[in-house]
Trainee: 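Have a look at this one.
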Number of protein chains: 2
Amino acid sequence: MAVSRAVLTNVYAAPDSCQDVRVAKEKAASIRALNRERITAAILDAARDQIAHSGASALSVRAITRELGMASSAIYRYFPSRDDLLTKLIIDSYDSLGAAVEAAESRVPREDLTGRFRAICRSTRRWALDNQHEYFLIYGTPVPGYKAPQDTIAPATRVATLMITVLVEAAAVRATNGRQPAAPAELRRALSPMRSSVPDLVSDAEMANGLSTFSALFGAISFELGGQLHNVIRETETSRSAYFEFQIDGWIAALGW
Amino acid sequence: MAVSRAVLTNVYAAPDSCQDVRVAKEKAASIRALNRERITAAILDAARDQIAHSGASALSVRAITRELGMASSAIYRYFPSRDDLLTKLIIDSYDSLGAAVEAAESRVPREDLTGRFRAICRSTRRWALDNQHEYFLIYGTPVPGYKAPQDTIAPATRVATLMITVLVEAAAVRATNGRQPAAPAELRRALSPMRSSVPDLVSDAEMANGLSTFSALFGAISFELGGQLHNVIRETETSRSAYFEFQIDGWIAALGW
DNA sequence: TCTAAATGCGAGCACCGCTCTTGTTTTGGT
DNA sequence: ACCAAAACAAGAGCGGTGCTCGCATTTAGA
């Protein structure tokens, strides 16, 4: 109806006439396409709001449509199911985290390897604290039946890729002096899938170490966000951050840097 | 009705007459009390089945009552809400994990500190692999509105307590040789809540180190169970376990043992 | 024995994800 | 410029959920 349509357009950027926005050939942004974009964005925004406020389990498509003033059935023109909506949100969360970490890491001088490592750890924690529910959307309880679609894996690996890059550069520096002992055959086999993404100059032990540190980082963050540090570490940001910095030092030491 | 009652009693241990089972004073097990126990246990069993099969989010009280042949409203005589049922299951899971880890640790000679540490790590992982959904019930995404009741905290600390015990004994051994440098004031303050449960002979750094290692352990397990090691570590038990053992070695080294 | 508490049941409420039908709007080819 | 086809919005409806309430029955304790 005209009513709901008006609501929808109100929610969004000025419904300027679509004709002055280049009616060029190719995909000349039609009214349909523009509306679709706007409404899709509105749905995602509302969904993000809901998740930020009360977590992924409370995400309700009916609540979204209610807020947007549309019929509950209309949303299925944009997302075939609640799971597809969640998938999109998951991808966005991965990208949001990835972008935040990449931005923080890029601000550190290239030659400062430990500084870059620190930046990765800190910005990951920072993002997690600022987006708790989105963090658990990604690193929390896996959804029973849910199988991660293909298009989630690329965004999912952004921060891991960054970590590997730093690890590789660190290995390159340290490879100049002395060869390292070979890892046990079983560990080598275990690492074989990861090996294909990591140059040979990184030893098996360095790879395993890096991965272990990586999971320790997320363990630390999950502990803090999950309340496992309640009555253990003082609940002020200064204390929490001091403990986190202590952990970073430990990880750097464990990496042999 | 007699029908559903029959079903219920069938599900459970023989409904032997309650009179021969000491009609003594005090809480002379009445028919009511016995049935209540039986039905409560049946509900919990069915709930555990559901969780083990498809996770906590899929836990449905109606499905439980259906399976037990009772009216959906009847379950509220036993658990006032779905959340209370979940709370009970959470407590049970904590206890189950705690008991498993305590049993494994107790089998190692007292003087073998690293062996006891290893036993804690391994049995925790083992339990998590065997009870994936229960693990995430405990260490997964925190429920938005959920506030852990008082009676969960004791079971929740069983494995942590065990870990602290080993840490303390290790500190006692190493305290004989040399004092350790004081930790920064901020870290000391951060650790103050934990300090009240840990004797003074454990230094701040040792405490923080132990805690960090503890969270790393759960980070590692969550990574494995959460699928974060997919395409990273080979998905066979031998490979997974080899990588886990490598991590244990790293943690022991980080603890300075 | 007799009252009060505990228990079971069914109807019902408000919500959920999702489907199907109907009627309207927009698009694109002729 | 017209018209069939596609996209879309709305509403009713289905089966599911957690939970409440009133009523009948059973048990406990005085």
Side-chain angles (χ1 to χ4, degrees), chain A residues 1-9 17-19 23 25-40 42-43 47 50 54 56-87 143 145-146, chain B residues 1-9 15 17-19 23 25-40 42-43 47 50 54-87 143 145-146:
Chain A
M1 260 295 151
V3 177
S4 58
R5 185 64 67 82
V7 171
L8 287 175
T9 47
S17 84
C18 61
Q19 305 302 22
V23 201
K25 68 261 168 182
E26 206 186 3
K27 293 293 174 190
S30 62
I31 296 180
R32 276 251 155 94
L34 277 182
N35 274 344
R36 181 158 251 280
E37 242 173 88
R38 237 193 317 254
I39 297 181
T40 304
I43 292 172
Q50 272 196 26
S54 39
S57 61
L59 195 158
S60 152
V61 303
R62 288 185 113 109
I64 293 173
T65 58
R66 229 177 291 129
E67 185 167 341
L68 264 50
M70 49 171 25
S72 67
S73 55
I75 198 177
Y76 293 96
R77 299 276 178 195
Y78 300 88
F79 295 93
S81 77
R82 182 179 180 276
D83 268 16
D84 289 83
L85 216 187
L86 265 176
T87 297
V143 182
Y146 186 79
Chain B
M1 261 292 151
V3 177
S4 57
R5 186 62 68 82
V7 170
L8 288 176
T9 46
S17 83
C18 61
Q19 305 301 21
V23 201
K25 67 258 169 184
E26 205 184 6
K27 293 292 172 188
S30 63
I31 296 181
R32 275 249 157 98
L34 277 183
N35 274 343
R36 180 157 251 281
E37 243 174 87
R38 226 177 345 235
I39 297 180
T40 303
I43 292 172
Q50 274 197 24
S54 39
S57 61
L59 195 158
S60 153
V61 303
R62 289 186 110 109
I64 294 174
T65 58
R66 229 176 290 129
E67 184 168 340
L68 264 50
M70 51 172 22
S72 67
S73 56
I75 198 177
Y76 292 97
R77 301 284 182 197
Y78 299 88
F79 295 93
S81 78
R82 182 179 179 274
D83 268 16
D84 289 83
L85 217 188
L86 265 177
T87 297
V143 181
Y146 187 79

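The sequence lines fix the lettering, A, B, ..., with proteins before strands; numbering per chain opens at 1. Side chains are part of it too, since the values below use all heavy atoms of this structure and drop only hydrogens, waters and symmetry mates.
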Trainee: Could you give the CG-to-C1' distance, from L85(B) to dT17(D), as a whole number of Å?
Mentor: 15 Å
Trainee: Can you identify which nucleotide, out of dT27(C), dG10(C), dC23(D), has its nearest atom closest to the R77(B) side chain?
Mentor: dC23(D)
Trainee: Could you please name the option among dT26(C), dA10(D), dC9(C) that lies closest to any side-chain atom of R32(A)?
Mentor: dT26(C)
Trainee: Check every strand shown and say whether L59(A) touches a base, only sugar-phosphate, or nothing at a heavy-atom separation below 4.0 Å.
Mentor: sugar-phosphate
Trainee: Separation of L34(B) atom CG from dT7(C) atom P, in whole Å?
Mentor: 12 Å
Trainee: OP1 or OP2 of dG16(D) sitting under 4.0 Å from any side-chain N/O of S60(B)?
Mentor: no
Trainee: Under 3.5 Å, is there a donor-acceptor pair linking the side chains of D84(A) and T87(A)?
Mentor: no
Trainee: Given dT20(D), dA7(D), dT7(C), identify the nucleotide with an atom nearest to the side chain of Y78(B).
Mentor: dT7(C)
Trainee: So if I take every side-chain heavy atom of V61(A) and compare against dT17(D), dG17(C), dC19(D), which nucleotide ends up nearest?
Mentor: dG17(C)
Trainee: May I ask you to say what S81(A) touches in the nucleic acid, namely base, sugar-phosphate or nothing, with a heavy-atom cut-off under 4.0 Å?
Mentor: sugar-phosphate
Trainee: Under 3.5 Å, is there any donor-acceptor pair linking the side chain of R62(B) to the base of dG16(D)?
Mentor: no
Trainee: Please give, in whole Å, the distance from dC16(C) C1' to R82(B) CZ?
Mentor: 13 Å
Trainee: Can you tell me how far P of dA6(C) sits from CZ of F79(B), to the nearest Å?
Mentor: 17 Å
Trainee: At their closest point, which heavy atom of Q50(A) faces which heavy atom of L59(A), and how far apart are they?
Mentor: OE1-CA, 3.3 Å
Trainee: Should the side chain of S73(A) and the base of dA10(D) be counted as holding a donor-acceptor pair, with the cut-off at 3.5 Å?
Mentor: yes
Trainee: Compare the minimum distances between each of dC16(C), dC19(D), dG8(C) and the side chain of A74(B), then state the nucleotide with the smallest one.
Mentor: dG8(C)
Trainee: dT26(D) C1' sits how many Å from R36(B) CZ, rounded?
Mentor: 14 Å
Trainee: Indicate the atoms forming the closest heavy-atom contact of A63(A) with S60(A), along with that distance.
Mentor: N-OG, 3.0 Å
Trainee: Among dA10(D), dG16(D), dG8(C), which nucleotide has an atom closest to any side-chain atom of I39(B)?
Mentor: dG8(C)
Trainee: Provide, to the nearest angstrom, the distance between the CD1 atom belonging to I75(B) and the P atom belonging to dT17(D).
Mentor: 12 Å
Trainee: Return the set of residues passing side chain to side chain contact (heavy atoms under 4.5 Å, CB included) with A56(A) (not counting sequence neighbours), or none when no residue passes.
Mentor: I51(A), L86(A), L137(A)
Trainee: Round to a whole Å and report the spacing from CE of M70(B) to P of dG10(C).
Mentor: 12 Å
Trainee: So which atom in S72(A) and which in T65(A) form the shortest heavy-atom distance, rounded to 0.1 Å?
Mentor: CA-OG1, 3.5 Å
Trainee: Output the rounded distance in Å from OH (Y76(B)) to C1' (dG8(C)).
Mentor: 15 Å
